[in-house]
Amino acid sequence: MTGQSQPSGRATADGDLRLVSLTKTFGSFTAVDDLDLTIPQGSFFALLGPSGCGKTTTLRMVAGLERPTAGHVFIGEHDITLTKPYQRPVNTVFQSYALFPHLSIIENVEFGLRRRGMKNTRRTAMEALELVQLPQLADRRPGQLSGGQQQRIALARAIVNRPSVLLLDEPLGALDLKLRRQMQIELKRIQLEVGLTFVHVTHDQEEAMTMADTIAVMNAGVIEQLGDPAELYERPHTTFVANFLGQSNLLPGAVTGSDGENVVVDVRGQSLRVPRSRCSAPDGAVWFGVRPEKLRIVTGGGGVTGNQLSGTVTDASFTGVSTQYLVKLGWDQEITVVQQNDGTPPLRPGQQVTVQWAPEHGFALGADQDAHAGEDVSDEALPVGAVP
Amino acid sequence: MTALAHGVAPGPDTGTPAPAARSGRKTPYLLLLPGMLWLAVFFAVPMAFLASTSLQTGSLEQGYVLTWHVQTYVDALQAYWPQFTRSIGYAASATVLGVLIGYPLAYAIAFKAGRWKNVLLVMVIAPFFTSFLIRTLAWQTILTNNGPVVKFFQATHLIDLMQFLGLTNNDQLMASKFAVICGLTYNFLPFMTLPLYASLERVDQRLLEAAGDLYASPFTGFRKITLPLSMPGLVAGTLLTFIPACGDYINSKLLGSTNTTMIGQVIDGQFLRVLDYPTAAALSFVLMVTIVVLVAVYVRRAGTEELV
């Protein structure tokens with residue numbers, strides 16, 4: 001379940017970033033625990049997790065700023081585990097930006113090129129500034145720029161070196177919401193344009209899903225699940241992923257049998273069905289999960305089209321495009337239902353309703369996990385410069 | 001009643017804000033006043049006296065008269081030119097040595113000392129708990145003939161090298177150029193170290209991580225990031241060492257000989273023993289102007305527009 005393996009059968013390309021049994025301990029605390037990961041060249045990869053999950057430590061080990069306790073870091077066939085940061089074809093966009101205050105913007109961007117003795121550094125640096133759409137700021141000092149502009153300069157300063165791997169450490173953490181949305185699109189555009197491998201560390205699940213091709217959800221030093229955003233969202237493999245990425249309703253149940261392609265799960269006397277491929281625990285106790293927006297509320301009987309449960313509306317909150325209802329089920333558990341405001345008359349608290357959903361929208365997870373794992377951590381802001 | 005109310009109402013509107021604004025404009029000047037008074041009484045007035053004295057002629061018995069006798073400057077400079085250049089040379093040497101000792105020291109305290117940081121800072125300041133004079137006298141004991149330091153220099157034949165460089169006389173360290181520069185360096189080292197420490201301590205270590213990430217070796221990172229960012233401290237430290245060292249007269253008196261006399265010593269002698277006030281005042285003025293010019297050129301060349 002943990003450390004979900006890579007899609008196999010694909011040969012390692014020249015520039016893939018490979019982490020092999022990577023481990024980092026600080027005293028008795030294990031920040032990163034035996035991590036195996038391959039990040040294909042040219043992909044936009046996100047390491048997503050709450051603060052303290054080991055994602056920043058992993059990033060710092062790739063950058064060479066932290067020495068692994070065990071394991072190896074490869075770029076292509078080169079083992080860079082023990083090389084110094086300045087010897088690695090890796091550049092970082094730091095959370096604090098870390099622009100050099102005594103140098104002009106263009107000198108900041110040129111810094112890496114000059115250290116490697118490149119020619120035409122000024123022209124190359126100007127091209128990078130054009131890529132981030134700020135060539136007019138070339139002669140300013142970092143102190144004269146806004147946060148969003150500094151962020152773009154930090155990106156230009158890293159990207160101009162065309163590293164094998166570009167690391168982004170919570171790069172949008174210090175920006176306000178609107179600017180963050182804008183920069184997400186911008187970052188994605190730049191990544192597609194330059195075709196470099198981006199490894200993006202974030203605790204913001206929406207940010208990760210918007211930008212990344214592949215997301216690895218990290219928790220307590222290990223990877224909980226790895227996959228593309230839709231796959232992670234639609235088919236979480238652990239309760240942590242189910243709760244950390246969006247919201248999930250998790251109902252306690254037990255597998256009682258099968259019905260064709262479906263597994264039958266008994267939840268407090270109600271038989272619910274879920275495709276076998278979406279069931280992580282083939283028998284015994286399970287958490288039966290379903291996303292709030294997959295649920296349909298019907299009043300009165302209605303035709304039985306799939307799974308259904310009945311309950312009482314206890315709360316309705318109108319959020320514009322949708323309305324979020326809380327429905328209390330027979331055994332006092334409340335589930336969340338999100339309904340599009342498509343013109344159907346709103347429901348009042350106290351109303352008896354039936355909640356329905358298609359079997360292929362459910363999923364079942366092993367009951368040995370905490371049903372609340374990963375809740376209420378996704379919005380936690382990471383302090384600037386914090387190293388878990 | 002209403003007429004009265006209307007008549008009164010505009011009063012506060014037009015009347016009150018104006019005095020408030022006026023006193024607001026005055027506040028900075030009021031705050032400056034004590035300092036300006038202090039400067040006037042203890043700097044401007046004595047300066048005017050000194051300038052006047054340097055252009056007077058006469059004697060102590062008959063009194064001095066302002067005769068605009070500029071020749072005093074020419075005579076004084078002709079007589080004491082060697083002491084003058086020597087002072088600048090010694091002060092410059094002490095400043096360079098101060099940087100060589102003070103920079104690594106400040107760097108170590110700022111970045112490598114860990115929990116010993118405060119202890120080390122106290123140790124840098126500790127010499128101030130005894131008087132300047134006592135500390136300088138202590139160097140007499142340290143460098144004394146047949147003392148361990150001299151023995152070490154003799155055993156390693158470093159003494160011959162220094163003799164060759166003209167820093168010492170014969171087989172001893174006392175009463176030499178070397179001793180005076182040592183004393184100056186030692187006495188002004190805290191003034192070098194503390195501003196350097198203050199500016200180094202402010203250097204964000206994450207900038208060095210970023211430099212390393214951008215292919216700068218630790219040494220290049222120091223040269224391109226730490227050193228430029230510590231320039232304000234370096235400039236402040238060199239000024240705080242060079243300026244007082246130029247005018248110092250204790251070190252050359254206690255650790256030197258007649259061959260190491262510095263200009264401060266000459267001025268001291270002219271004022272307090274020879275009682276030739278015009279010459280002493282003229283030398284003081286020349287020293288001051290020289291230092292101001294040197295400092296102005298230095299600060300301009302060091303390019304510290306971001307200083308302070």
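Residue numbers start from 1 in every chain, and the chains themselves are labelled A, B, ... in the order their sequence lines are given, proteins ahead of strands.
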**OP:** Sort L99(A) into side chain, backbone, both or neither according to what part of it lies under 4.5 angstrom from a heavy atom of chain B.
**Re:** backbone
**OP:** Measure the shortest side-chain to side-chain distance between Y215(B) and P85(A) over non-hydrogen atoms and say whether it is less than 4.5 angstrom.
**Re:** no
Subject >> Beyond-backbone contact of P228(B) with L103(A), side-chain heavy atoms, under 4.5 angstrom >> reply: no
Original post:
Taking all non-hydrogen atoms of both residues, which atom of A210(B) and which atom of F94(A) are closest, and how far apart?
Top reply: CA-CE1, 3.5 Å
Original post:
Is a side-chain N or O of N91(A) found less than 3.5 angstrom from the main chain of D213(B), in a donor-acceptor match?
Top reply: yes
Original post:
Quick one: what part of R88(A) sits under 4.5 Å from any heavy atom of chain B, side chain, backbone, both or neither?
Top reply: backbone
Original post:
More than 12 non-hydrogen atoms from neighbouring residues, nucleotides or ligands closer than 6.0 Å to CZ on R189(A), yes or no?
Top reply: yes
Subject >> Other residues, nucleotides, ligands: >12 heavy atoms within 6.0 Å of M47(B) CE >> reply: yes
Original post:
Considering only heavy atoms, which portion of S217(B) lies under 4.5 Å from any heavy atom of chain A: side chain, backbone, both, or neither?
Top reply: both
Original post:
Should we say atom OH of Y249(B) is surrounded by more than 12 heavy atoms from elsewhere, each under 6.0 Å from it?
Top reply: no
Original post:
Say you draw a straight line from CG of N108(A) to CG of L214(B); how long is it, rounded to the nearest 0.5 Å?
Top reply: 8.5 Å
Subject >> Neighbour count above 12 (heavy atom, 6.0 Å) for F219(B) CZ >> reply: no
Original post:
At their closest point, which heavy atom of A216(B) faces which heavy atom of Y86(A), and how far apart are they?
Top reply: O-CB, 3.5 Å
Subject >> Closest non-hydrogen atom pair, S96(A) against R206(B) >> reply: CB-NH1, 3.4 Å
Subject >> Beyond-backbone contact of D204(B) with F100(A), side-chain heavy atoms, under 4.5 angstrom >> reply: no
Subject >> Nearest atoms (heavy-atom pairs only) where H102(A) meets K224(B) >> reply: NE2-O, 2.8 Å
**OP:** Would you please test T220(B) and R115(A) for side chain to side chain contact (heavy atoms under 4.5 Å, CB included) and show each step?
**Re:** CA-CA 8 Å; T220(B) 311; R115(A) 299 289 80 73; 3.5 Å; yes
Original post:
Take atom CZ in F152(B); do more than 12 heavy atoms of anything else shown fall under 6.0 Å from it?
Top reply: no
